[in-house]
**Student:** 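The following block contains the structure, expressed as structure tokens.
Per chain, numbering begins at 1; letters A, B, ... match sequence-line order.
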Amino acid sequence: MPAPDPTDFLPELEWRNLLKDVTDREGLSEHFSTGRRRIYSGFDPTADSLTIGNLVPIMMLAHAKRAGHDAVVLMGGGTGLIGDPSGKSAERQLQTSETVERHVAAQKPIFQSVLGQVDGPAHTIVNNADWLTKLSYIEVLRDVGKHFSVNVMMQKDSVKSRLQDREQGISYTEFSYMILQAYDFLHLYRDAGVTVQFGGSDQYGNIVAGTDLIRRDAFTRHDEAETYGFTAPLITKADGGKFGKTESGAVWLTADRTSPYAYYQFWLNCSDEDVKNFLRVFTFMTKDEIETLEAEHAKAPGKREAQRTLARAATTILHGEAEMLQAEAAGKALFSGDIASLNETTLREVLGEVPSSEHSKASLEGADLIDLLIETGLATSKREAREFIANGSVSINGAKAEEGRTMRSADLLHGSVIALRRGKKAWHVTRWA
RNA sequence: GGGCGAGUACCCAAGUGGCCAACGGGGGCAGACUGUAAAUCUGCUGGCAUAGCCUUCGGGGGUUCGAAUCCCUCCUCGCCCA
């Protein structure tokens with residue numbers, strides 16, 4: 001497809017509440033509106049997946065792409081060997097290079113699936129291990145280190161707090177992290193013509209270190225170089241809770257850790273106060289579309305159209321439309337409790353979201369529901385199991401279970417499964433063979 | 001080393017010989033209501049063979065018909081003195 005004419009997308013980031021610090025706001029607008037630029041953001045391979053917080057910079061890369069610029073994903077295969085002290089109160093455990101490589105490989109598909117769906121120039125993915133591991137120490141000290149003032153580096157918040165804390169010092173290794181990240185920018189500038197870096201607001205210091213290094217490096221060769229940096233604000237929740245956490249832990253961007261169903265549910269369950277902001281940050285909906293939706297939502301908040309739209313859009317962006325539709329169907333079936341009418345294929349997909357256990361068919365007929373509730377972990381004692389049944393909170397295949405209920409082979413759906421539910425959300429599938 | 005005080009169920013905390021499986025609050029779970037929400041209301045919150053039995057009040061031992069409650073001892077924590 002033809003790439004659109006490059007435009008300044010900073011105003012768009014602004015109304016989406018995605019812009020915090022900018023090194024030179026006017027200069028950068030000018031920069032974006034006068035040509036196709038290369039813009040990058042870095043990602044730490046601290047785990048074999050990324051969390052929903054990392055989605056913010058990915059969305060920003062997508063906006064850059066949509067505005068006709070070249071999005072570059074920098075994977076920290078090299079810096080990940082060191083560890084960024086930003087936002088960390090304690091020295092990090094060093095990771096082996098095998099681990100870091102594995103993490104990089106596992107994270108890559110996330111960028112592919114989000115950015116791959118976005119119109120615009122093709123994005124590129126680079127790994128700073130490719131150049132950082134080739135650097136010699138002497139070279140770094142002479143060419144890069146000379147441009148850094150230790151006095152300034154010590155002023156950086158993440159370093160300062162660690163210097164003042166007697167319990168937790170900072171190693172030379174982590175202290176040097178900033179230099180490596182700055183060098184990344186220099187390398188990408190020289191090698192690939194990248195002129196803009198952005199990241200989370202905790203990255204501002206590292207980003208500025210990069211633009212400074214590039215300027216100084218150019219100056220030593222009697223040249224000039226103008227590069228830019230900006231940051232996105234931290235995503236917050238109206239109730240003050242930490243964004244991206246659920247009872248069952250962090251929300252991840254890969255299906256092996258957070259299923260599309262769970263991901264959809266996460267967005268669907270967000271509060272009325274948060275949904276407005278999230279629609280701006282985590283979807284590509286236009287300002288008009290969002291405002292129209294908000295007006296509708298205000299009329300009938302109980303319908304939660306805003307949350308549903310957000311969940312659909314966000315799940316589609318990450319996992320694609322097919323997965324989104326399945327997640328939505330699963331949610332519908334599980335919350336209505338109406339699963340007995342589903343066909344076998346749909347049922348298997350829906351119940352894939354739910355914990356399960358294997359049982360022997362021989363023991364099915366006449367088995368006590370109370371015992372089964374304990375075996376499946378839906379109840380922790382017989383007393384509790386009886387209580388749940390008496391309260392009417394247990395259902396078998398979506399039908400409320402009455403007291404004294406025993407299991408029978410007629411309960412089997414499609415000859416092999418029985419779905420138990422306690423309360424509204426606790427499901428368990430028993431498979432009988 | 002000496003003196004005082006405290007240790008109760010997931011957490012806080014009442015109980016100071018039988019009416020104690022142990023008040024109350026928090027948290028949790030469930031039900032009603034609802035928007036898969038918030039607020040509110042209700043129930044449950046040691047186990048089981050459930051109108052009864054078993055195990056629990058820092059550990060062990062003792063007194064007693066009977067102890068979380070009294071005595072001895074040990075352990076842990078807090079405060080004060082050295």
**Student:** Pick the C1' atom in B:A68 and in B:G15, then give their distance to the nearest Å.
**Tutor:** 8 Å
**Student:** What I want to check is whether the side chains of A:Thr316 and A:Arg312 have a donor and an acceptor closer together than 3.5 Å.
**Tutor:**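 Side chains of A:Thr316 and A:Arg312: no pair found under 3.5 Å.
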**Student:** Report the distance from atom CD of A:Glu384 to atom P of B:G47, rounded to the nearest whole Å.
**Tutor:** 7 Å
**Student:** Considering only atom P, compute the distance from B:C48 to B:G43 and round it to an integer number of Å.
**Tutor:**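 That atom pair is separated by 23 Å.
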**Student:** Using a cut-off of 6.0 Å, state whether more than 12 heavy atoms not belonging to A:Glu321 lie near its atom CD.
**Tutor:** no
**Student:** Please report the distance, rounded to the nearest Å, between CD in A:Glu353 and P in B:U36.
**Tutor:** 19 Å
**Student:** Scan residues 304-313 of chain A against RNA chain B and write down, sorted by residue number, each residue with any heavy atom closer than 4.0 Å; if none is found, say none.
**Tutor:**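 Of all residues in residues 304-313 of chain A, the ones placing a heavy atom under 4.0 Å from RNA chain B are A:Arg304, A:Gln307.
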**Student:** Please figure out whether A:Ser381 or A:Gly423 has its closest RNA chain B nucleotide nearer the 5' end.
**Tutor:**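 Comparing both residues, the 5'-ward one is A:Gly423.
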**Student:** Starting the side chain at C-beta, find the nucleotide from B:A37, B:G43, B:G35 nearest to A:Lys425.
**Tutor:**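 Of the candidates, B:A37 comes closest.
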**Student:** Who pairs with A:Thr346 by side chain to side chain donor-acceptor pair (under 3.5 Å), at least two apart in sequence or on another chain?
**Tutor:**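 By the side chain to side chain donor-acceptor pair (under 3.5 Å) rule, A:Thr346 matches A:Asn343.
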**Student:** With sequence neighbours left out, write down each residue that passes side-chain contact (heavy atoms from CB on, under 4.5 Å) with A:Val354, or none if nothing qualifies.
**Tutor:** A:Leu334, A:Trp427, A:Val429
**Student:** Within the 3.5 Å criterion, strictly below it, is a donor on A:Asp288 or A:Thr286 matched to an acceptor on the partner's side chain?
**Tutor:** no
**Student:** Of all the nucleotides listed (B:C33, B:C48, B:G35), which has the minimum atom distance to the side chain of A:Asp272?
**Tutor:**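 Comparing B:C33, B:C48, B:G35 against the side chain of A:Asp272, the answer is B:G35.
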**Student:** Taking 4.0 Å as the cut-off, does a side-chain nitrogen or oxygen of A:Arg383 come that near to OP1 or OP2 on B:C48?
**Tutor:**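 No, A:Arg383 has no side-chain N/O under 4.0 Å of OP1/OP2 on B:C48.
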**Student:** With sequence neighbours left out, write down each residue that passes side-chain contact (heavy atoms from CB on, under 4.5 Å) with A:Glu387, or none if nothing qualifies.
**Tutor:** A:Arg383, A:Asn391
**Student:** Report the secondary structure of RNA chain B in dot-bracket form, marking unpaired bases with a dot and bases paired to a different strand with |, and treating Watson-Crick or G-U pairs with both distances under 3.5 Å as paired.
**Tutor:** ((((((((.[[[..)..(.....]]]((((((.......))))))(((...)))...[[[[[..)....]]]]]))))))).
**Student:** With rounding to whole Å, what would you report as the distance between B:C75 and B:G24 at their P atoms?
**Tutor:** 37 Å
**Student:** Can you measure A:Ile389 atom CD1 to B:C44 atom P for me and round it to whole angstrom units?
**Tutor:**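 The distance from CD1 of A:Ile389 to P of B:C44 comes to 18 Å, rounded to the nearest Å.
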**Student:** Using whole Å, report how far CG of A:Asp274 lies from P of B:G35.
**Tutor:**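 Distance, rounded to whole Å: 20 Å.
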**Student:** Which nucleotide in the set B:G31, B:U36, B:C44 lies at the smallest distance from any side-chain heavy atom of A:Leu268?
**Tutor:**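 When the side chain of A:Leu268 is considered, B:U36 is the closest of B:G31, B:U36, B:C44.
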**Student:** With A:Gln107, which of A:Asp44, A:Leu50, A:Ile125 fulfils side-chain contact (heavy atoms from CB on, under 4.5 Å)?
**Tutor:** A:Leu50
**Student:** Between B:C10 and B:G59, how far apart are the P atoms? Round to whole Å, please.
**Tutor:** 13 Å
**Student:** Can you name the nearest heavy-atom pair linking A:Phe9 to A:Met60, along with the distance?
**Tutor:** CE1-O, 4.3 Å
**Student:** With A:Arg405, which of A:Asp368, A:Leu372, A:Asp411 fulfils side-chain contact (heavy atoms from CB on, under 4.5 Å)?
**Tutor:** A:Asp411
**Student:** Using the P atoms only, state how far B:G62 lies from B:C57, rounded to an integer number of Å.
**Tutor:** 16 Å
**Student:** Check each residue of residues 321-339 of chain A for a non-hydrogen atom within less than 4.0 Å of any atom in RNA chain B, then write out the ones that pass by number, or none.
**Tutor:** A:Phe335
**Student:** If we take the C1' atom in both B:A49 and B:U55, what is their distance in whole Å?
**Tutor:**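 That atom pair is separated by 16 Å.
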**Student:** Under 3.5 Å, side chain of A:Asn206 to main-chain N/O of A:Gln181, donor-acceptor pair present?
**Tutor:** no
**Student:** Quick one: which of B:G43, B:G31, B:C48 gets closest to the side chain of A:Ser393?
**Tutor:**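 The nucleotide sitting nearest to the side chain is B:G31.
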**Student:** Once rounded to the nearest 0.5 Å, what's the spacing between atom CH2 of A:Trp267 and atom OG1 of A:Thr283?
**Tutor:** 9.5 Å
**Student:** On RNA chain B, compare the nucleotides closest to A:Lys400 and A:Gln265; which residue's is nearer the 5' end?
**Tutor:**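 Whichever sits nearer the 5' end wins; that is A:Lys400.
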**Student:** Check every atom of B:C44, B:A49, B:G31 against the side chain of A:Lys424 and return the nucleotide holding the closest atom.
**Tutor:**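 Ranking B:C44, B:A49, B:G31 by closest atom to the A:Lys424 side chain puts B:G31 first.
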**Student:** Using the ring of each side chain (for Trp, its six-membered ring), is A:Phe32 parallel, tilted or perpendicular to A:His69, with breaks at 30° and 60°?
**Tutor:** tilted
